[in-house]
Amino acid sequence: MSTTRRSKPPTPRIWTGWHDQPTLTVLKNMLGKVLVHAQRGRRVSGVIIEAEAYIGEDDPACHAAAGPTRRNAPLYGPPGFAYVYLNYGLHYLVNAVTERDGFPGAVLIRALAPLEGIDLMRRRRGPVPDARICNGPGNLTQALGINLRHNLSDLATSAVRLEDHGFPVGPIDYSPRIGIRVGTDRLWRATSTTPFTMRGHEER
DNA sequence: AACACGATCTACT
DNA sequence: GTAGATCGTGTTG
């Protein structure tokens, strides 16, 4: 065995501490965590700076509002898995499933500050400014190469996973969720007010 | 089997 | 500010 030692950074921790937490707690803790797609030995990742909660059949904006279907089945499963679906026939959106088995809930990841593999992100996203590479739920999945194949991935063990790199999170803003016409009374959109490397995020 | 629609984004005006 | 892209899903026939 070679004894050559390079100064390897400490292995980034998989983030699993959220599995048993209420969705709104997961929402709060999601900011500052790192969404990773490790593929073909390459890591593409970003720090989560914007996310939204969708909780229960009583939440009219939640995909589970009309009860369980084949599509939203992941929401009803155990926490810790990805719920990926195609929106508007164009964009893949990635959620982290929350709440106990049988109760639907998830956190939608809406924006990242690019961390690793930015060159690959640029290639996937085409000629857009760096600041907009990962802002928007459909844009970040394109940048990370996340699609329907990753639906129901275990976010602790799969190529698509959540890690805690210890990024400090400052104050968090809570505002109405975006792109929905119902359930806008709930302030379940969380945004980080402190920039990490780049913001790429604008209020509307 | 056919159809309407959506937790969006971009490119126009 | 708003039209258009584009397709899986749920609903209807």
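Each chain gets a letter, A, B and so on, in the order its sequence line appears, and its residues count up from 1.
The nearest whole Å value for the distance from the CG atom in A:Leu108 to the P atom in B:dG6 is 17 Å. Between A:Tyr92 atom OH and C:dC7 atom C1' the separation is 8 Å, expressed in whole Å. In this structure, A:Tyr85 places its OH atom 13 Å from C1' of B:dC5, rounding to the nearest Å. Rounded to an integer number of Å, the gap from CG of A:Asn87 to C1' of B:dT10 is 15 Å. Separating the CZ atom of A:Arg189 from the C1' atom of B:dT8 is a distance of 14 Å, rounded to the nearest angstrom. If you take OH of A:Tyr88 and P of C:dG8, they are 17 Å apart, rounded to a whole angstrom. Following rounding to the nearest Å, A:Ile178 (CD1) and B:dC9 (P) show an atom-to-atom distance of 9 Å. Rounded to an integer number of Å, the gap from CG of A:Leu140 to C1' of B:dC9 is 13 Å.
Under the 4.0 Å criterion applied to side-chain N and carboxylate O atoms, A:Asp185 and A:Arg177 are not assigned as salt-bridge partners. Salt-bridge check for A:Arg43 with A:Glu163: passed, with a basic side-chain N closer than 4.0 Å to an acidic carboxylate O. A:Asp58 and A:Arg186 are not joined by a salt bridge, as no carboxylate oxygen comes within less than 4.0 angstrom of a charged side-chain nitrogen.
Under 4.0 angstrom from either OP1 or OP2 of B:dA7 there lies no side-chain N or O belonging to A:Arg186.
Within 4.0 Å of A:Arg181, counting heavy atoms only, lies no atom of the nucleic acid at all. Residue contacts shown for A:Leu90 include a base, since a base heavy atom lies under 4.0 Å away. Across all strands, A:Arg71 comes closer than 4.0 Å only to sugar-phosphate atoms, never to a base (heavy-atom distances). Within the nucleic acid shown, A:Asn139 comes within 4.0 Å of sugar-phosphate atoms alone, with no base atom in reach, counting heavy atoms only.
Crowding of A:Asp20 atom CG: a count of heavy atoms from other residues, nucleotides or ligands under 6.0 Å not exceeding 12.
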Dot-bracket encoding of pairs in DNA chain B, which uses [ ] for pseudoknotted crossings and | for another strand, Watson-Crick or G-U under 3.5 angstrom: ||||||.|||||.

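The line from CG of A:Asn139 to CG of A:Leu144 is 11.5 Å long, rounded to the nearest 0.5 Å. Taken from NZ in A:Lys33 to CD1 in A:Ile14, the straight-line distance is 13.0 Å, to the nearest 0.5 Å.
Under the stacking criterion of a centre-to-centre distance below 5.5 angstrom and an interplanar angle below 30°, A:Tyr54 sits stacked against the six-membered ring of B:dA7.
Taking the six-membered ring where the residue is Trp, the centroids of A:Phe81 and A:Tyr83 are separated by 6.0 Å or more.
Nearest-nucleotide assignment on DNA chain C puts the 5′-proximal partner with A:His91, out of A:Leu148 and A:His91.
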